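Note that the structure is a prediction, hence the values are computed from the model and not measured. For the numbers below, each heavy atom of this structure counts, side chains included, while hydrogens, waters and symmetry mates do not.
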Amino acid sequence: MKIHIETDRLIMRDLMDEDVQGMFAMDSDAEVHAFLGNKPISTMEEAKKMIDSIKEQYVQNGIGRWAVVEKESGDFVGWSGFKYITDTFGGRSNFYDLGYRFIKKYWGKGYATETAIASLNHGFAKLNYEEICGMADVDHIASNVILKKIGLLKRHEFIYDGTLHNFYTLSKNEWLERHNKSYL
């Protein structure tokens with residue numbers, strides 16, 4: 001298990017086979033999938049395949065979403081972090097997408113914002129990304145609020161699976177200017 005980021009309340013680490021119950025709890029919930037095409041999974045095998053797919057992204061792209069674990073309880077609460085997107089979304093391909101998804105009972109605790117801020121800072125400061133992107137269904141108010149709150153800038157809208165989405169980006173230079181950070 002590789003830990004990538006620790007916040008005050010959370011650990012962000014590689015997904016493991018042992019996370020299958022948590023992945024199933026999260027991705028079988030129709031409410032979790034309300035703004036993700038309304039396609040919740042229905043079997044543990046599908047949850048296992050999702051974990052395998054993310055583990056393959058670690059190998060192929062050097063990055064993939066990370067499991068988010070509460071420090072206090074040790075519980076898997078969801079995933080957050082980056083995915084390298086090679087398909088075309090919003091007229092763009094080959095970019096680092098910042099995303100997050102959590103089991104419903106952990107909503108409203110600020111975990112998405114906490115992990116998104118930590119991921120953004122890690123992406124620019126440690127992984128040396130030149131740009132980080134984010135996408136959200138225009139009707140998914142919470143996700144759009146988070147992407148704006150962490151500093152991503154809405155650049156345009158696009159249609160995905162018949163639904164209007166917002167496309168956000170932030171360059172490393174924009175991030176450095178906002179945070180007055182420099183590297184010696």
| request: Applying salt bridge (charged side-chain N to carboxylate O under 4.0 Å, His left out), run through Lys55 and Asp19 and close with a yes or a no. | output: CA-CA 12 Å; Lys55 287 167 57 178; Asp19 297 321; over 6 Å; no
| task | Would you name the heavy atoms of Met16 and Ile51 that are closest together and state the gap between them? | result | O-CD1, 3.6 Å
| query | Salt-bridged, Lys105 to Glu31, with N to O below 4.0 Å? | reply | no
| message | Among residues at least two apart in sequence or on other chains, which ones pass side chain to side chain contact (heavy atoms under 4.5 Å, CB included) with Ser73? | response | Glu70, Asp75
| request: May I have the step-by-step check of salt bridge (charged side-chain N to carboxylate O under 4.0 Å, His left out) for Lys104 and Asp29, ending in yes or no? | output: CA-CA 8 Å; Lys104 186 171 46 182; Asp29 188 325; 3.3 Å; yes
| With side chains defined as the heavy atoms from C-beta onward, is the minimum distance between Leu15 and Phe76 less than 4.5 Å? | yes
| field | Exceeds 12 heavy-atom contacts within 6.0 angstrom, atom CD of Glu6 | value | yes
| said: Once rounded to the nearest 0.5 Å, what's the spacing between atom CG of Asn144 and atom CE of Met135? | reply: 12.0 Å
| said: Checking Asp137 against Tyr160 for the side chain to side chain donor-acceptor pair (under 3.5 Å) test, could you report, in this order, the C-alpha distance in whole Å, the side-chain angles of both residues, the deciding distance, and whether it holds? | reply: CA-CA 9 Å; Asp137 182 314; Tyr160 176 69; over 6 Å; no
| request: Go through Trp66 and Arg13 one step at a time and tell me if the side-chain contact (heavy atoms from CB on, under 4.5 Å) criterion holds. | output: CA-CA 5 Å; Trp66 297 312; Arg13 60 156 172 81; 5.9 Å; no
| query | What pairs with Gln60 under side-chain hydrogen bond (donor to acceptor under 3.5 Å, both in side chains), at least two apart in sequence or on another chain? | reply | Glu56
| field | Pair Asp97-Arg65, side-chain contact (heavy atoms from CB on, under 4.5 Å): steps then yes or no | value | CA-CA 10 Å; Asp97 174 63; Arg65 310 291 194 199; 2.7 Å; yes
| query | Does CG in Asp8 sit with more than 12 non-hydrogen atoms of other residues, nucleotides or ligands closer than 6.0 Å? | reply | no
| query | Out of curiosity, Arg178 CZ to Asn173 CG, how far, rounded to the nearest 0.5 Å? | reply | 12.0 Å
| task | Examine the side chains of Ser80 and Tyr111 and answer whether a donor and an acceptor come within less than 3.5 Å of each other. | result | no
| Is a side-chain donor-acceptor pair under 3.5 Å present for Asn121 with Trp175? | yes
| message | When you compare the side chains of Ser171 and Glu131, does any donor N or O come within less than 3.5 Å of an acceptor on the partner? | response | no
| request: Please lay out, stage by stage, how Glu114 and Lys71 fare under the test salt bridge (charged side-chain N to carboxylate O under 4.0 Å, His left out). | output: CA-CA 13 Å; Glu114 185 173 332; Lys71 284 183 177 179; over 6 Å; no
| request: Determine, using the 4.5 Å side-chain heavy-atom cutoff (strictly less than), whether Leu36 and Met26 are members of one ILVMFWY cluster. | output: no
| task | Kindly work out whether a path of hydrophobic side-chain contacts (I/L/V/M/F/W/Y, heavy atoms less than 4.5 Å apart) joins Met23 to Trp107. | result | yes
| request: Assess whether side chain to side chain donor-acceptor pair (under 3.5 Å) is satisfied between Lys172 and Asn128, documenting all intermediate values. | output: CA-CA 8 Å; Lys172 185 172 187 174; Asn128 204 30; 2.2 Å; yes
| request: Kindly assign one of parallel, tilted or perpendicular to the pair Tyr84 and Tyr96, based on the angle between their ring planes and the thresholds 30° and 60°. | output: tilted
